2 protein chains.
Amino acid sequence: MGKERTAPAAVTSADVARLAGVSRATVSFVLNNTQAHRVSDTTRARVLAAADQLGYVPHAAARSLRAGRSNLVLMPASVSAVGRLVSTWIDDLQGELEQLGYITVLHAGRFPNAVSAARAWAELRPAAVVALEGDSLTGQAADVLTKAGVRGVLAFASRRAEGIHTIDFDHTRVGALAAEHLVSRGRRNLGVIMPQERGLDTFARPRLAGAQSVASRTTASVTPVEMAYTRGSAAELAERWPELGLDAVFAYNDEYAALLLHALRDAGVRVPEEVSVVGCDDLLVSALQQPPLTTVRLDMPAPAQVADALHELVERGVPPEVPGMEPVLVQRQSS
Amino acid sequence: MGKERTAPAAVTSADVARLAGVSRATVSFVLNNTQAHRVSDTTRARVLAAADQLGYVPHAAARSLRAGRSNLVLMPASVSAVGRLVSTWIDDLQGELEQLGYITVLHAGRFPNAVSAARAWAELRPAAVVALEGDSLTGQAADVLTKAGVRGVLAFASRRAEGIHTIDFDHTRVGALAAEHLVSRGRRNLGVIMPQERGLDTFARPRLAGAQSVASRTTASVTPVEMAYTRGSAAELAERWPELGLDAVFAYNDEYAALLLHALRDAGVRVPEEVSVVGCDDLLVSALQQPPLTTVRLDMPAPAQVADALHELVERGVPPEVPGMEPVLVQRQSS
DNA sequence: CCGGGTCGGTAACGCGTGTAACCTGGAAGT
DNA sequence: ACTTCCAGGTTACACGCGTTACCGACCCGG
C-alpha cells in the first residue's frame, strides 16, 4: 500500500492487449483500423471492449514520435494581448485546422529574444508555428524551428525574412491610413497612442512608423504619446493635452480610443471640434461612443483559406498564396 | 537532389554526439548537466559547441515519454470566450507556472460532450488540466484523464465531482449578489441576459439560477432574456422591452450591459429611472458608461497561489487549499 | 498428397531520450 | 607488484506506439 498515491500507472495499449488476450500489434491494427491488415470481427470486438473498459487513450507524443510527424499547430500569442477582433478569428482558424486533423494550441511566454522563444517552441516539435506577431520572428529563429523539423513556419508580418512564409500583415499601412484620413480632414499635429501594456508594442511601433511616413510627405507632424489602459493614465494624459498642441490622435485601439475620449471630455477638450480621434479594430464599442468613433477596420484573410494554405505548406511545402490583412477606414463622427 | 524538399531531417542528440566524437549518453549528461556523472571540461566544451553549431533542441515528447511525466499544463479555453478579466489572470498564471518549470498551453475545441473532450486532452498526456469552465467537467471525464496519467485535474467550479480537485468558482453567487442588490433597490421584475455566443452559457446558466434562488425567497420574479452581442440583437430587445414588463436587468457582462444600455436609451427607456442595469466583471468600460454601470467585480485567487497549489498537486498529490472566486458588488449610477 | 493462396495473428524494430550498469586506464595505497 | 579506486567514458534498455516482415492454419485445385 501507500503506492496508490505515487503512480496511478497510466493505461497503455499493452494493457489493452493483455486484457483482450491478443498482441499489442493487433490492438494497434484495430484501434487505427489499419486497412493493410485484416483482423477478425470477434477479436476486433474483444479489443474494442477491452479498450473501452480500461478507458484507454493513445499517447499522442509516442505516436508522433514513431510517426516522425506531429499534428500540433503552435500559435504563440498571449491571451490578453490579442484584441477581441483577432480572438474570434483565432477561434475560427482553430476550428478549420481541427477539421484538417490538427490540434491548435496557444502558448504565451515571455522570452528574452526571438531565438530562445523559437527554442522553446521547437521543443514541442509542432507541425507548424503560426506567429501572429510575425515581425518579432527573426530568420535566425526560423532556422532553429526548421532545424528542429517544424514543417510550416507561417508568420503574419510586414517584412519577410529568410525561411519564413509570410502572410502580409503590414501595420504600417494601418497607421498610414489613419494618418492620411486625419490629414485629409485638415489636421496637422497628429498624436499616436503608444500603449504601455506588454506585447502591444509589436503592433504599435509599425503603426507609428506608417503615420510618420505620411507626415514626412506632407506638412503634418506626428508625435508618439504614451498611455496605459487605465483611467488614471488617460486622465493624466487629458490633463496635459493642451500643452501637447495636438489636433488629432490615432489611438491604438477602439478601447484605448474610448477611454481617451471620456478623459478628454472630462478635461473639457471637445471632440471632434478641437481634436479628432480615430480608433482601430471597429469593435462594437466604437459605434456606441459619444461621438461615435471613426475607426480602422482590419479585414483578415478567411480562416479556411489560411488553414488550407497551412496544410499545403506542411504537407507538400507549397508556399501559401493568401491575401493579407486589409485596413479599411470606417468614418464616423469623431473625426 | 529533390530530397531537400521532402525531409529536412530534424537534428537529434545522435547528430550532436557524432559531431562531437562522443557517445549519445555523454551528450545527454552534458546538456542536462547531470550531477550523478562527471565529464571532463574539454569534452563538455566540445559537446556544447557541437550542439550550438547544429542548433540542437531536445525533443520534448521523447523526453517526457522516457521520463514518464510531462511538464505540460493544459488549459481548455477558447480565446474569444474568456473576457478581459480572466485573460489577464490567465496570463499571470501562465507566468507563475513557467517559473515552476511548466509549459502552459491553451486549447479551444468544440466537443460533443465532456468525455470526448477529456479524451482529446488526455492524448497530450499533460501533467495537469486546469479547467476554467469547470462545471462542464464530469466525474467520468476526470476518470478518463486520471487513467491517462494526468496528475492534476483542477477545476474552477461551483459543484465538486468525483476525482476532481475544485477551486470554488460559484457563479450562482454572482447572480444571487446581483439579484439581492436589485431587490434591495426596490426592483421586483428582474431580467437576466443569456448571451447567445457559444461557450458562454456555462457561466450564464448558474448565474441565472442564483438570481432565481433569490427570487424564490422574495416577492421578486426572474426572467431569462436571450441576447446576442450585436447591435441588432440589442436594438431588437430594447424595442420590445415595454412588453417584457421588467424593471431591472442583470446583463451577463459589462460589455453586454453597455450594449443594452445604449439600445435602451435609443428606444427611449430611461436608466435607472425605469429600469436598473447591472453588469459584471468591473471592466474599465463600465465606469465610462452614461450612467456609469453598477457591476459585479470578481475577485480571483492570486495566480501565484494557484500555481503553487497546482505544483503541489502534481508533485505530491496534495489537494489545493486556495480561496475561491469572490463576487463583490460595485455600485454606480445605473441601479 | 502436395503446392499455393488467403486469412488472422505475432515478433521485432525504431522513433529520440534519460539513466543504470558496465567497462578502462591510470594514479594511489598497501 | 598487486589490489583499490576513481574519473571519464560507453553500452544497453525502456518509455508507448506504428508498421514491416514473418508464420501457422486452413481451404482449394490439381
Side-chain angles (χ1 to χ4, degrees), chain A residues 7-18 20-47 50-51 54-71 122-127 147-150, chain B residues 7-18 20-47 50-51 54-71 122-127 147-150:
Chain A
V11 33
T12 79
S13 78
D15 297 326
V16 178
R18 205 159 14 240
V22 296
S23 81
R24 218 172 44 67
T26 305
V27 172
S28 182
F29 290 142
V30 170
L31 295 184
N32 304 322
N33 28 346
T34 311
Q35 300 301 334
H37 208 81
R38 304 217 54 84
V39 36
S40 78
D41 287 355
T42 66
T43 51
R44 155 166 285 122
R46 272 222 312 283
V47 169
L54 294 178
Y56 170 71
V57 172
H59 193 308
R63 173 180 297 197
S64 57
L65 178 61
R66 154 73 214 212
R69 58 196 348 273
S70 87
N71 59 21
E123 287 196 13
L124 297 177
R125 294 293 193 278
K147 273 192 178 140
V150 178
Chain B
V11 35
T12 79
S13 77
D15 298 327
V16 177
R18 206 161 12 243
V22 296
S23 82
R24 216 175 42 66
T26 305
V27 171
S28 181
F29 290 143
V30 170
L31 295 184
N32 303 324
N33 21 341
T34 311
Q35 301 301 334
H37 208 82
R38 303 217 54 83
V39 36
S40 79
D41 287 356
T42 66
T43 51
R44 155 166 284 123
R46 272 220 313 281
V47 168
L54 294 179
Y56 169 72
V57 172
H59 194 308
R63 174 178 296 192
S64 56
L65 177 60
R66 155 71 215 212
R69 60 200 343 276
S70 87
N71 58 25
E123 286 197 13
L124 297 177
R125 294 292 193 279
K147 273 191 178 139
V150 178

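So that the names make sense, note that chain A is the first sequence line, chain B the second, and so on, each numbered from 1. Just so you know, these numbers come straight off a predicted model, no measurement behind them.
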Query raised in the report: Can you tell me how far P of C/dG14 sits from CZ of A/Arg63, to the nearest Å?
Result: 22 Å
Report task. For B/His37 and D/dA12, give me the distance from atom NE2 to atom C1', rounded to whole Å. Result -> 14 Å
Query raised in the report: To the nearest 0.5 Å, what is the distance between OG (A/Ser64) and NE2 (A/His59)?
Result: 9.0 Å
Report task. May I ask you to verify whether the side chain of B/Arg24 and the base of C/dG18 hold a donor-acceptor pair under 3.5 Å? Result -> yes
Report task. Using whole Å, report how far CZ of B/Arg69 lies from C1' of D/dG16. Result -> 18 Å
Query raised in the report: How about A/Arg69: does its CZ atom have over 12 heavy atoms from other parts shown lying under 6.0 Å from it?
Result: no
Query raised in the report: Okay, side chain of A/Arg46, backbone of A/Ala20: is any donor-acceptor separation there less than 3.5 Å?
Result: yes
Requested in this report: Map B/Thr42 and B/Arg125 onto DNA chain D by nearest heavy atom, then report which one ends up closer to the 5' terminus.
Outcome: B/Thr42
Query raised in the report: Does a nitrogen or oxygen in the side chain of A/Thr43 sit under 4.0 Å from OP1 or OP2 of C/dG9?
Result: yes
Requested in this report: Under 4.0 Å between any heavy atoms, over every strand shown, what does B/Ala25 touch: base, sugar-phosphate, or nothing? Just pick one.
Outcome: base
Report task. Could you tell me whether B/Thr26 contacts a base, only the sugar-phosphate backbone, or nothing, with contacts defined as non-hydrogen atoms closer than 4.0 Å? Result -> base
**Report entry** A/Arg38 side chain near C/dC7 phosphate (N/O to OP1/OP2, under 4.0 Å)
**Finding:** no
Report summary line: Of B/Ala36 and B/Ala62, the one whose nearest nucleotide on DNA chain C sits closer to the 5' end is B/Ala62
Query - 5' precedence on DNA chain D between B/Arg44 and A/Pro58 (nearest-nucleotide basis) - result: B/Arg44
Query raised in the report: Is a donor-acceptor contact shorter than 3.5 angstrom present between the side chain of A/Arg66 and the base of C/dG16?
Result: no
Query raised in the report: What is the nucleic acid contact for B/Ser23, judged by heavy atoms within less than 4.0 Å: base, sugar-phosphate only, or nothing?
Result: base
Report task. Using a 4.0 Å heavy-atom cut-off across all strands, classify A/Ser40 as base, sugar-phosphate, or nothing. Result -> sugar-phosphate
Query raised in the report: What is the distance from CZ of B/Arg18 to P of C/dG16, rounded to the nearest Å?
Result: 11 Å
Query raised in the report: Could you state the CG-C1' distance from A/Leu54 to D/dG16, rounded to the nearest angstrom?
Result: 15 Å
Query raised in the report: Is the side chain of A/Ser70 donor-acceptor paired with the backbone N or O of A/Arg125 at a distance under 3.5 Å, no angle test?
Result: yes
Query - Nearest-angstrom distance from the residue atom CZ of A/Phe29 to C1' of C/dC7 - result: 13 Å
Report task. Determine: side-chain N/O of A/Ser13 to OP1/OP2 of D/dC17, distance under 4.0 Å, yes or no. Result -> yes
Requested in this report: Specify the separation, in whole Å, of atom CG of A/Leu65 and atom C1' of C/dG18.
Outcome: 13 Å
Report task. In whole angstrom, give the distance that lies between atom NE2 of A/His59 and atom P of C/dG16. Result -> 16 Å
Query raised in the report: Minimum heavy-atom separation for B/Ala148 to B/Ala122, with atom names?
Result: CB-CB, 3.6 Å
Requested in this report: Verify, without hydrogens or angle tests, whether A/Thr34 (side chain) and A/Ala36 (backbone) share a donor-acceptor contact under 3.5 angstrom.
Outcome: no
Query raised in the report: Would you say D/dC15 has OP1 or OP2 under 4.0 Å from some side-chain N or O of B/Ser64?
Result: no
